[in-house]
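This report concerns only the one structure given below.
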Amino acid sequence: MKKRMRETLGLTALNLFFIVLCFLTLIPILYALRVSLSGSNSLLSSGLSLLPEEFTLSNYLAVFTGEDILTWFGNSIFLAAATVAISLAVSVPAAYCFSRRRFPGRRLVLKWLVLLNSFPAILSMFAIYRLLRPLGLVNHRLGLILVYTGTMAVFSLWNMKGYFDTIPLEIEEAARMDGATDLQVVTRIVMPLAKPSVVVTALMVLIYVWNEYIYATTFMTGEANYTLAAGLYALQATEMRGSWPVFAAASIVVSVPVLVIFFLCQRHMTSGLTAGGVKG
């Protein structure tokens, strides 16, 4: 009884700790929401209420009518969709091959990929610019897609390889004994089991492209080519003359699509799907 009571108290304390931690992480979001609903251009207030004293929705109206945020949305959506599609199309087959096949140079290639991906992005800016400029890909979305894909394909490969390594080989061997071809094993057995990892990898790539700022501002110029990250900076720096409520409203609007996609995909983020897949 004492042991069970101690375990219950420990679990309760741990749950309370994480609940408090969640509330603490919500404070900046609630603060940004409050500022976005404020009619005064001020970051400070005397009250602690969620709603400001001068409540208004004009800041959200200004975001959609006074700026090119819809254009920035379109640019970010196009870049994110293309990068996610290409990264997964390249990394998923490569990750499966690195997980299941043993060929000369396999370990060396994996080490080189980790080494190349470990350098900070800012160190490669000049080299990437020198490569893209002769091809006419500077200030072009295709150039940015190539940069993003080259960055995230390595991450996706390693993330997917780690998950493929956890799928027992006995499942594939049993399918082959039942007459399944290699293509059927991959498409009907492996990929359905790897769905959680694919979803998580796609979300990580999406979040990276959605929030990326350095490459977007370096290789793309002009408001018509801005992504959301670059547009938000321009919104606060010049266009809206430092309007903090409009900037906060734009930040909230930009965050909503990623949150919606995350909650829609959350049910697919499960683990241990293969725990009972092989009978002893």
Side-chain angles (χ1 to χ4, degrees), residues 25 28-29 31-33 35-36 43 59-60 62-64 66-88 116-133 135 137-156 159 200-262:
T25 57
I29 301 175
Y31 179 73
L33 180 62
V35 173
S36 68
L43 292 176
N59 299 319
Y60 289 91
V63 168
F64 288 103
E67 294 300 324
D68 296 328
I69 191 169
L70 295 181
T71 302
W72 304 339
F73 257 113
N75 292 337
S76 292
I77 290 173
F78 178 81
L79 292 172
T83 304
V84 170
I86 298 175
S87 297
L88 292 182
L116 292 174
N117 202 42
S118 63
F119 285 97
I122 196 170
L123 295 180
S124 60
M125 297 289 290
F126 180 73
I128 294 176
Y129 185 85
R130 291 291 300 271
L131 289 173
L132 296 181
R133 186 176 181 181
L135 299 175
L137 296 179
V138 175
N139 205 31
H140 196 286
R141 289 189 291 185
L142 179 58
L144 210 55
I145 291 173
L146 292 176
V147 174
Y148 289 158
T149 303
T151 302
M152 296 308 295
V154 178
F155 163 80
S156 302
N159 195 48
V200 171
T201 303
L203 282 176
M204 295 297 292
V205 176
L206 171 64
I207 292 172
Y208 169 80
V209 177
W210 201 259
N211 296 326
E212 202 282 323
Y213 172 77
I214 296 178
Y215 289 127
T217 54
T218 303
F219 298 129
M220 305 292 284
T221 58
E223 290 189 7
N225 296 322
Y226 280 165
T227 61
L228 285 171
L232 283 179
Y233 175 78
L235 189 70
Q236 176 57 23
T238 56
E239 298 295 330
M240 299 306 298
R241 299 178 182 178
S243 176
W244 289 109
V246 174
F247 178 76
S251 302
I252 296 296
V253 170
V254 167
S255 303
V256 169
V258 177
L259 290 175
V260 171
I261 294 175
F262 176 81

Between atom [atom1] of [X] and atom [atom2] of [Y], what is the distance when rounded to the nearest 0.5 Å?
X    : Y    : atom1 : atom2 : result
L206 : S76  : CG    : OG    : 10.0 Å
W210 : F73  : CH2   : CZ    : 5.5 Å
L79  : T149 : CG    : OG1   : 9.5 Å
L228 : E212 : CG    : CD    : 12.5 Å
Y208 : S87  : OH    : OG    : 10.0 Å

Nearest heavy-atom pair of [X] and [Y]: which atoms, and what distance?
X    : Y    : result
L132 : G143 : CD1-O, 4.1 Å
R141 : N75  : NH1-OD1, 3.5 Å
I128 : Y215 : CD1-OH, 3.8 Å
A229 : N211 : CB-O, 3.9 Å
M125 : T218 : CE-OG1, 3.0 Å
H140 : M220 : N-SD, 3.6 Å

For [Y], does its backbone N or O pair with a side-chain atom of [X] as donor and acceptor, under 3.5 Å?
X    : Y    : result
S156 : T201 : no
T83  : A80  : no
N159 : F155 : no

### Task
Assign the ring pair F219 / Y129 to parallel, tilted or perpendicular, where the plane angle (0 to 90°) is split at 30° and 60°.
parallel
### Query
Do other residues, nucleotides or ligands put more than 12 heavy atoms under 6.0 Å from M204 CE?
no
### Query
With a 4.5 Å heavy-atom cut-off, do W72 and T227 have their side chains touching?
no
### Query
Have N139 and N225 got a donor and an acceptor in their side chains that come within less than 3.5 Å?
yes
### Donor-acceptor side-chain pairing of S36 and N59 below 3.5 angstrom
no
### Task
Using the side-chain contact (heavy atoms from CB on, under 4.5 Å) rule, take Y226 and T217 through it: C-alpha gap first, then chi angles, then the decisive distance, then the call.
CA-CA 8 Å; Y226 280 165; T217 54; 6.0 Å; no
### Query
When Y148 is tested against each of T151, L146, L144 for side-chain contact (heavy atoms from CB on, under 4.5 Å), which residue passes?
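One option only clears the test, and that one is L144.
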